[in-house]
Student: 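The structure under discussion is supplied below as structure tokens; questions concerning it will follow.
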There are 2 protein chains.
Amino acid sequence: MFKALGDPTRLRIFTFLQAQCYPIAVETETGAVSPLSGPTVGEVCCHVTGDPVVTSTVSFHLKELRQAGLITTERSGRHMICGVNPDAAGRLIAFLNDGPAERKTNDDCCN
Amino acid sequence: MFKALGDPTRLRIFTFLQAQCYPIAVETETGAVSPLSGPTVGEVCCHVTGDPVVTSTVSFHLKELRQAGLITTERSGRHMICGVNPDAAGRLIAFLNDGPAERKTNDDCCN
DNA sequence: TAATTGTTTCTATATGTATAGAAATAACGA
DNA sequence: TCGTTATTTCTATACATATAGAAACAATTA
């Protein structure tokens, strides 16, 4: 995950998706939960390059983010809808927090 | 910061430092705060390579972590004492959290 | 079915970066 | 001052990866 977010283009995409489509379940009139909606790949590309044409580079970065478990992509007709993985940020935060929790002694060191 | 933690060796070093020397200010008998103490570079090296001899590779990774603001190094006699930067994890966590806070509309997209 | 739109995979290339050995620097003790 | 210990910087190399163009694939509409 850290490696995936280490690339500036991918971090840009991830924060864009966080802002655009952080998945908040919304109740509709019927009480159902609205489907996870967000930008298409074209819209992501648009934000990154300023041009709505989808480049192989953006597609590659989306794949990396998906494989790292940071985002999801889902086909909807002719489009692919992108969204952040709801527990991605939580997992990273947990990792950053539990350092001191699993604190060890210096006995582990070989000196 | 994400890029620095993206390398497996550096993530190993960082979590080791988090576990070994997470900087908790400790009051001494005189009321003073104990100095930030932690492993030396040799001890870090030992944890990473199993050998207390300091390699240029570990030194390089420590420099990267330092330049990313994730750790601190401080000379103490012949040794360099390593420690995590106290607000490094906090800054990352804040970044991961404020995505939805700064949520924007789809109007930003050029389509 | 053919054409069109949206997206991904393939292949190549250029840049970045992790690693390793050797030389250099810094602090301490004899 | 000289040698020893601890660590960093230098230089080169091998590997990883971001990028780009072209071809392939998938779903929709005419």
Side-chain angles (χ1 to χ4, degrees), chain A residues 1-17 20-21 35 37-68 70-83 106 109-111, chain B residues 1-17 20-21 35 37-68 70-83 106 109-111:
Chain A
M1 282 181 162
F2 285 128
K3 190 161 141 195
L5 292 177
D7 179 80
T9 303
R10 286 196 291 265
L11 187 59
R12 185 118 187 271
I13 293 172
F14 182 75
T15 54
F16 175 66
L17 291 182
Q20 292 289 337
C21 62
S37 76
T40 65
V41 173
E43 287 167 331
V44 169
C45 222
C46 195
H47 178 255
V48 171
T49 67
D51 197 327
V53 67
V54 178
T55 64
S56 59
T57 296
V58 167
S59 181
F60 164 73
H61 286 309
L62 286 172
K63 189 184 69 180
E64 295 284 309
L65 288 168
R66 184 165 8 96
Q67 288 178 346
L70 287 162
I71 69 167
T72 58
T73 56
E74 189 182 349
R75 184 171 279 282
S76 167
R78 266 192 271 199
H79 296 278
M80 294 290 289
I81 303 297
C82 306
N106 262 315
C109 189
C110 60
N111 282 10
Chain B
M1 280 182 162
F2 285 129
K3 190 162 142 193
L5 292 177
D7 179 80
T9 303
R10 285 197 289 266
L11 187 59
R12 186 118 187 271
I13 293 172
F14 182 74
T15 54
F16 175 66
L17 291 182
Q20 291 290 336
C21 62
S37 77
T40 65
V41 174
E43 288 168 331
V44 169
C45 221
C46 196
H47 179 255
V48 171
T49 67
D51 197 325
V53 69
V54 178
T55 64
S56 59
T57 297
V58 167
S59 182
F60 164 73
H61 286 309
L62 286 172
K63 188 185 70 182
E64 296 284 309
L65 289 168
R66 184 164 8 96
Q67 287 177 346
L70 286 162
I71 69 167
T72 58
T73 56
E74 188 183 350
R75 185 170 277 283
S76 166
R78 266 190 273 198
H79 295 279
M80 292 290 289
I81 302 299
C82 306
N106 262 315
C109 191
C110 59
N111 281 10

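In this text, all values refer to a predicted model and were calculated from it rather than measured experimentally.
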Student: Counting just side-chain N and O atoms, does B/Arg78 come under 4.0 Å of either OP1 or OP2 of D/dT4?
Tutor: no
Student: Search all heavy atoms of A/Arg10 against all heavy atoms of A/Phe60 and return the closest pair with its distance.
Tutor: NH1-CE2, 4.2 Å
Student: Do you know which two heavy atoms are closest between B/Gly42 and B/Val54, and how far apart they sit?
Tutor: CA-CG2, 3.6 Å
Student: Sequence neighbours left out, what passes side chain to side chain donor-acceptor pair (under 3.5 Å) with B/Ser59? Give chain and number order.
Tutor: none
Student: Check the distance between D/dA6's C1' and B/Leu62's CG and give it to me in whole angstrom.
Tutor: 13 Å
Student: A/Thr9 or A/Gly77: which one's nearest nucleotide on DNA chain D is closer to the 5' end?
Tutor: A/Thr9
Student: Hey, what do you get for OG1 (B/Thr73) to CD1 (B/Ile81), rounding to the nearest 0.5 Å?
Tutor: 10.0 Å
Student: What contact category does B/Val54 fall into here, base, sugar-phosphate, or nothing, at under 4.0 angstrom with non-hydrogen atoms?
Tutor: base
Student: Mapping B/Arg75 and A/Ser56 to their closest nucleotides on DNA chain C, which lands nearer the 5' end?
Tutor: A/Ser56
Student: Tell me whether the side-chain N/O atoms of A/His79 come closer than 4.0 Å to OP1 or OP2 in D/dA26.
Tutor: no
Student: 5' to 3' on DNA chain C, which nucleotides open and close the contacts with chain B (atom under 4.0 Å from a heavy atom)?
Tutor: C/dT17 to C/dG29
Student: Treating B/Thr49 as the side-chain partner and B/Cys46 as the backbone partner, does any N or O pair qualify as donor plus acceptor under 3.5 Å?
Tutor: no
Student: Would you mind reading off the distance between B/His61 atom NE2 and D/dT7 atom P, rounded to a whole angstrom?
Tutor: 17 Å
Student: If I take atom CE in residue B/Met80 and atom P in nucleotide D/dT5, what distance separates them, rounded to the nearest angstrom?
Tutor: 20 Å
Student: Below 4.0 angstrom from OP1 or OP2 of D/dA18, is there any side-chain N or O of A/Thr55?
Tutor: no
Student: Write down the distance between CZ (B/Phe60) and P (D/dA12), rounded to a whole number of angstrom.
Tutor: 17 Å
Student: For the residue pair B/Gln20 and B/Pro39, what are the closest heavy atoms and their distance?
Tutor: CB-CG, 3.8 Å
